[in-house]
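Reading through the structure tokens given below for one structure.
In what follows, chains carry the letters A, B, and so on, assigned in the order in which the sequence lines appear, proteins first and then strands, with residues in each chain numbered from 1. Side chains are part of it too, since the values below use all heavy atoms of this structure and drop only hydrogens, waters and symmetry mates.
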There are 2 protein chains.
Amino acid sequence: MDKSDTRQRIIEAARRIFLQKGMAGTRMQEIADAAGINKAMLHYYFRSKEQLFKLVFAEAVKEIFPKVEKALAGDLPIREKLLAFVRAYISQIREHPFVPLFVIHELSNRPTEFFMEPEKSGAPQKMLQKLMQEIIHAQQRGEIPDYPPQHLWVNILALSIFPFIARPLIQQLLQMDDKAFERFLEERTAQVARFLDQALRIA
Amino acid sequence: MDKSDTRQRIIEAARRIFLQKGMAGTRMQEIADAAGINKAMLHYYFRSKEQLFKLVFAEAVKEIFPKVEKALAGDLPIREKLLAFVRAYISQIREHPFVPLFVIHELSNRPTEFFMEPEKSGAPQKMLQKLMQEIIHAQQRGEIPDYPPQHLWVNILALSIFPFIARPLIQQLLQMDDKAFERFLEERTAQVARFLDQALRIA
DNA sequence: ATTTGGTTTAACCATTTGGTTAATTACGGT
DNA sequence: ACCGTAATTAACCAAATGGTTAAACCAAAT
């Protein structure tokens with residue numbers, strides 16, 4: 001076996017299980033089994049459960065955060081920019097459907113402990129600050145309604161992320177089987193875009 | 001001490017800790033400490049951790065689900081009804097801010113195991129089916145845009161619930177301290193209502 | 001005062017769990 | 001072939017954890 005092969009398999013197994021069961025719900029033995037290796041290897045490559053978890057968590061955050069930036073970078077008119085973001089972001093999350101709930105859940109216990117310090121991955125925050133300004137300017141020019149930018153932003157995030165976080169709840173409430181929910185997700189991008197577009201019309 | 005006093009204190013302590021740390025992250029000892037009693041009392045009143053958890057979980061579900069019904073029961077015009085729901089629901093969640101994330105997280109591991117079978121608490125599902133019909137009819141009369149009802153409903157839920165689920169993420173991204181977030185929540189009802197109202201305007 | 005019933009506690013138990021160790025194996029360079 | 005280093009494993013360990021037990025406590029009924 002390649003040198004890094006084992007290491008990589010551990011990471012992948014750990015990722016799968018941590019994402020599904022969270023830090024507290026995950027057993028090192030289970031990761032080892034899933035990776036098809038001895039439990040001691042986990043500690044050989046990563047000192048502790050905590051360290052392995054931090055690595056997985058950090059990668060998960062990367063998958064769901066920095067991508068925010070790209071869609072917000074260009075200088076499209078605000079309305080198009082927001083719609084472009086929705087499309088890019090939903091597509092991004094669809095590739096990592098379990099990440100948002102995982103990150104949020106872990107984040108909710110460990111207040112800010114090992115979370116992105118504004119310096120380290122401060123890009124999103126600054127990018128958002130800039131976006132808030134753009135929104136305000138667009139509103140001053142009367143291009144979109146004057147929702148408080150923070151609320152508008154949370155609305156957009158909510159519409160995009162919520163179905164992935166609340167999947168079991170939604171399926172239960174709306175009586176969708178897995179197939180139906182997949183269809184629902186396929187329509188989702190277009191429907192969120194339409195809903196948002198309508199909400200952004202000037203009165 | 002009253003007879004049921006201890007029992008009640010256990011439930012309250014268990015609720016607090018389960019809600020915060022989830023089933024897997026909670027230690028029986030911690031519940032006992034929080035309730036100021038001996039660990040054995042937990043097993044005296046509730047057979048096992050699982051049983052205590054189920055009780056807490058069931059109560060949590062009740063706090064966040066059946067209330068849905070009331071706001072949807074009357075026969076207001078669809079637009080007013082949806083807005084009324086948003087107000088009622090956000091207010092309801094504000095009183096139990098940790099419940100949604102807790103329920104969703106626990107639900108995501110235990111697919112449907114001990115979740116509401118359609119018969120037991122089937123009221124929400126039927127109520128929703130009825131609402132879907134009302135929406136369709138209103139759309140046929142041209143009162144609101146023809147968003148697929150399921151998407152419209154998920155949108156409403158998302159706008160209402162998401163800030164409570166994603167609080168740490170939002171605070172981090174938008175650089176809000178606790179005070180700022182409280183203010184944000186106070187504005188939230190009105191802002192969601194306005195956003196939704198705008199999205200429901202006929203083109 | 002004694003009994004009786006539920007309540008409470010300290011001590012205990014078996015299993016699980018994260019982590020370690022010492023020995024074994026695989027292998028590239030000489 | 002041999003050496004040295006990294007990779008891998010089985011066995012082990014101490015602490016934590018859910019759960020049990022037997023004895024003590026306490027209040028009301030007799």
Side-chain angles (χ1 to χ4, degrees), chain A residues 1-60 102-103 105-110 113-114, chain B residues 1-60 102-103 105-110 113-114:
Chain A
M1 305 194 183
D2 255 356
K3 182 210 161 185
S4 64
D5 184 49
T6 299
R7 187 187 169 87
Q8 197 52 36
R9 284 176 51 197
I10 292 177
I11 292 181
E12 278 158 27
R15 183 196 146 90
R16 210 178 325 135
I17 298 178
F18 272 136
L19 281 194
Q20 213 206 68
K21 310 200 172 182
M23 168 70 165
T26 294
R27 298 294 98 98
M28 291 297 262
Q29 186 60 57
E30 200 183 348
I31 296 179
D33 293 347
I37 49 126
N38 189 291
K39 183 164 69 88
M41 301 283 355
L42 299 182
H43 295 90
Y44 179 75
Y45 282 101
F46 311 89
R47 200 186 315 278
S48 65
K49 184 185 183 185
E50 181 74 16
Q51 191 163 313
L52 180 54
F53 172 77
K54 278 185 182 171
L55 190 141
V56 168
F57 182 83
E59 285 195 4
F102 168 68
V103 169
H105 174 254
E106 296 301 337
L107 218 52
S108 80
N109 305 343
R110 335 209 160 191
E113 185 186 340
F114 58 134
Chain B
M1 304 193 182
D2 253 358
K3 180 210 160 185
S4 63
D5 184 49
T6 299
R7 187 187 168 87
Q8 198 51 36
R9 284 176 50 197
I10 293 177
I11 292 181
E12 278 158 27
R15 183 196 145 90
R16 210 179 324 135
I17 298 178
F18 273 136
L19 280 197
Q20 215 209 65
K21 310 200 171 183
M23 168 70 164
T26 293
R27 297 293 98 99
M28 290 297 262
Q29 186 60 57
E30 199 181 348
I31 296 178
D33 292 347
I37 49 128
N38 188 291
K39 183 164 68 88
M41 301 277 10
L42 300 182
H43 295 90
Y44 178 74
Y45 282 100
F46 311 89
R47 201 187 312 281
S48 65
K49 184 185 182 185
E50 182 72 17
Q51 191 164 313
L52 181 53
F53 172 78
K54 277 184 182 171
L55 190 143
V56 168
F57 183 83
E59 284 194 4
F102 168 69
V103 170
H105 174 253
E106 297 300 338
L107 219 50
S108 81
N109 305 344
R110 334 208 159 191
E113 186 186 336
F114 59 135

For the residue pair [X] and [Y], establish whether any side-chain heavy-atom pair is separated by less than 4.5 Å.
| X | Y | result |
| --- | --- | --- |
| B:Leu107 | B:Phe57 | yes |
| B:Met28 | B:His43 | yes |
| B:Ile11 | B:Phe46 | yes |

On a heavy-atom basis, which atom in A:Gly25 and which in B:Ala24 lie closest, and how many Å separate them?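 Shortest heavy-atom separation between A:Gly25 and B:Ala24 comes out as CA-CB, 3.6 Å.
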
Nearest heavy-atom pair of A:Lys39 and A:Ala32: which atoms, and what distance?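 Heavy-atom minimum between the residues: CA-CB, 3.7 Å.
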
Considering only side-chain heavy atoms of [X], which listed nucleotide, [options], is closest?
| X | options | result |
| --- | --- | --- |
| A:Met41 | C:dT7, C:dG18, D:dT9 | D:dT9 |
| B:His43 | D:dA10, C:dT8, D:dT20 | D:dT20 |
| A:Tyr44 | D:dG18, D:dA6, C:dG18 | D:dA6 |
| A:Ala40 | C:dT21, D:dT8, C:dG6 | C:dT21 |

Looking at the rings of A:Phe102 and A:Phe18, which for Trp means the six-membered one, are their centres under 6.0 Å apart?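 Not under 6.0 Å, so no.
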
Rounded to the Å, how far apart are [X] [atom1] and [N] [atom2]?
| X | N | atom1 | atom2 | answer |
| --- | --- | --- | --- | --- |
| A:Asp33 | D:dT9 | CG | P | 12 Å |
| A:Phe46 | D:dT8 | CZ | P | 12 Å |
| B:Gln29 | D:dA15 | CD | C1' | 14 Å |
| B:Ile10 | C:dT8 | CD1 | C1' | 11 Å |
| A:Gln51 | C:dG18 | CD | P | 15 Å |
| B:Lys39 | D:dT21 | NZ | P | 13 Å |
| A:Arg47 | C:dT21 | CZ | P | 13 Å |
| A:Phe53 | C:dG18 | CZ | P | 13 Å |

For a quick check of understanding: with a heavy-atom distance under 4.0 Å over all strands, which category does B:Met28 fall into, base, sugar-phosphate or nothing?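 Sugar-phosphate contact only - B:Met28 comes under 4.0 Å of backbone atoms but never of a base.
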
All ring-ring contact (aromatic ring centres under 6.0 Å, His included) counterparts of A:His105, not counting sequence neighbours: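 Listed in chain order: B:His105.
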
Polar side-chain contact A:Lys49-C:dG19 base: donor and acceptor under 3.5 Å: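 Flag unset: no donor-acceptor pair detected.
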
End-to-end bend of the helix from C:dA1-D:dT30 to C:dT30-D:dA1 (five-pair axes, 10° rounding)?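 End axes: 10° apart.
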
Under-4.0 Å side-chain N/O to phosphate OP1/OP2 contact, [X] with [N]:
| X | N | result |
| --- | --- | --- |
| B:Tyr45 | C:dT8 | yes |
| B:Ser48 | D:dG18 | no |
| B:Arg27 | D:dA16 | no |
| A:Thr6 | D:dA7 | no |

Would a distance-only check, ignoring hydrogens and angles, find a side-chain to backbone donor-acceptor pair under 3.5 Å from A:Lys49 to A:Thr26?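 Checking the backbone N and O of A:Thr26 against the side chain of A:Lys49, a donor-acceptor pair under 3.5 Å is found.
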
